[in-house]
Asks: 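Take a look at this one; I'll ask things after.
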2 protein chains.
Amino acid sequence: MATLKYSRQRESIREFVMNSREHPTADTVYAGIKAEFPNISLGTVYRNLSLLVDLGEIAKITTGDGPDRFDCNTKPHSHFICTQCHNITDIEASEFDCMKEKVAEGFDGKITGHMTTFYGICKECLEAKKIKKTS
Amino acid sequence: MATLKYSRQRESIREFVMNSREHPTADTVYAGIKAEFPNISLGTVYRNLSLLVDLGEIAKITTGDGPDRFDCNTKPHSHFICTQCHNITDIEASEFDCMKEKVAEGFDGKITGHMTTFYGICKECLEAKKIKKTS
DNA sequence: CTTACTGCAAAGTATTTGCAAAACG
DNA sequence: CGTTTTGCAAATACTTTGCAGTAAG
């Protein structure tokens, strides 16, 4: 049931996320395709992002502070989230890719995914702070 | 500035989280101390939970699905979240405790914390599903 | 007395949903 | 045509906040 039909809006949303290196929020995606679809609604953006996540074409990142972000990289990797500017940086920590399998050994449930997030202050914010202090 | 004053409500909230093995939500804490403080408000619970997190006495767990949960265990450890029943299980994966330091090497920002979450289906939900299928 | 904390209600943020009209196949 | 998708608006879920009164030091 529920065969997928083509939609120009969904294609645009997918393209936008695929070409983003910034881990956009739903709102950022919305603003980004507003030029192409002046009448598009936030609801449509949310519906399609959620659908693309279900299809496994993009990934959702829950930040714990502010709106969810979306990631064109669906391969297992970690994130660094700056608690000041909220920018997200990818961290390729390949040594942790085996985590799921490692933890799954002797675990009674079924593990389907895992996500590691590092929190802190990014280089830019560290420098901005320093400048502020001396002025 | 802002010297802390004692409050019976805050003590009760702390005690409740400290004695919980269930990673309660703000709402669960609220319900749990309602008997002792019939007039307590959700706002007070949120304010105090947030304060206790800032003091480092408890930890906040962002689930990415549903409300935040609170944890009396502030030592670095991982969580398994069941995507069906939303129960949270602690995972002591001590081999990953060094992650922060490892990733921090050669990283330009300042890492203050990290959090690993595993998603999947817990033992109980797996079994419940099986029973349902045969009936 | 002075400052912090509370309860209440209202506001704020992020996301989901119902529905009639439009688009797709 | 039948089904999916859209835009809009209203609803929901969770959390924060302003304020006047109460409690702590």
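Lettering follows sequence order; numbering is per chain, from 1.
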Asks: Within this structure, what is the CD-to-P distance between B/Glu11 and C/dA4, rounded to whole angstrom?
Replies: 18 Å

Asks: A/Asn73: which residues meet the side-chain hydrogen bond (donor to acceptor under 3.5 Å, both in side chains) condition with it, sequence neighbours left out?
Replies: A/His77

Asks: What's the angle between the local helix axes at either end of the helix from C/dC1-D/dG25 to C/dG25-D/dC1, using five pairs per end and rounding to 10 degrees?
Replies: 30°

Asks: Quick check on the hydrophobic clustering: are B/Val53 and B/Ile33 connected, directly or via other members, by side-chain heavy-atom contacts under 4.5 Å?
Replies: yes

Asks: Quick one: what's the B/S/- string for nucleotides 5-15 of chain C, heavy-atom cutoff under 4.0 Å, read 5' to 3'?
Replies: SBBB-----SB

Asks: Using whole Å, what does the distance between atom P of nucleotide D/dG7 and atom NZ of A/Lys34 come to?
Replies: 10 Å

Asks: Say whether B/Thr44 and B/Gln9, considering side chains only, have a donor N or O and an acceptor N or O under 3.5 Å apart.
Replies: no

Asks: Would you please name every residue forming a ring-ring contact (aromatic ring centres under 6.0 Å, His included) with B/Phe80, sequence neighbours left out?
Replies: A/Phe107

Asks: Under the rule for side-chain hydrogen bond (donor to acceptor under 3.5 Å, both in side chains), what residues qualify as partners of A/Lys34, not counting sequence neighbours?
Replies: A/Tyr30

Asks: Going by side-chain hydrogen bond (donor to acceptor under 3.5 Å, both in side chains), name the residues that satisfy it together with B/Thr83, two or more places apart in sequence or in a different chain.
Replies: none

Asks: List the steps, then state whether side-chain hydrogen bond (donor to acceptor under 3.5 Å, both in side chains) holds for A/His23 with A/Asn87.
Replies: CA-CA 8 Å; A/His23 308 89; A/Asn87 273 350; over 6 Å; no

Asks: Looking at B/Glu11 and B/Arg14, does any basic side-chain N land under 4.0 Å from a carboxylate oxygen?
Replies: yes

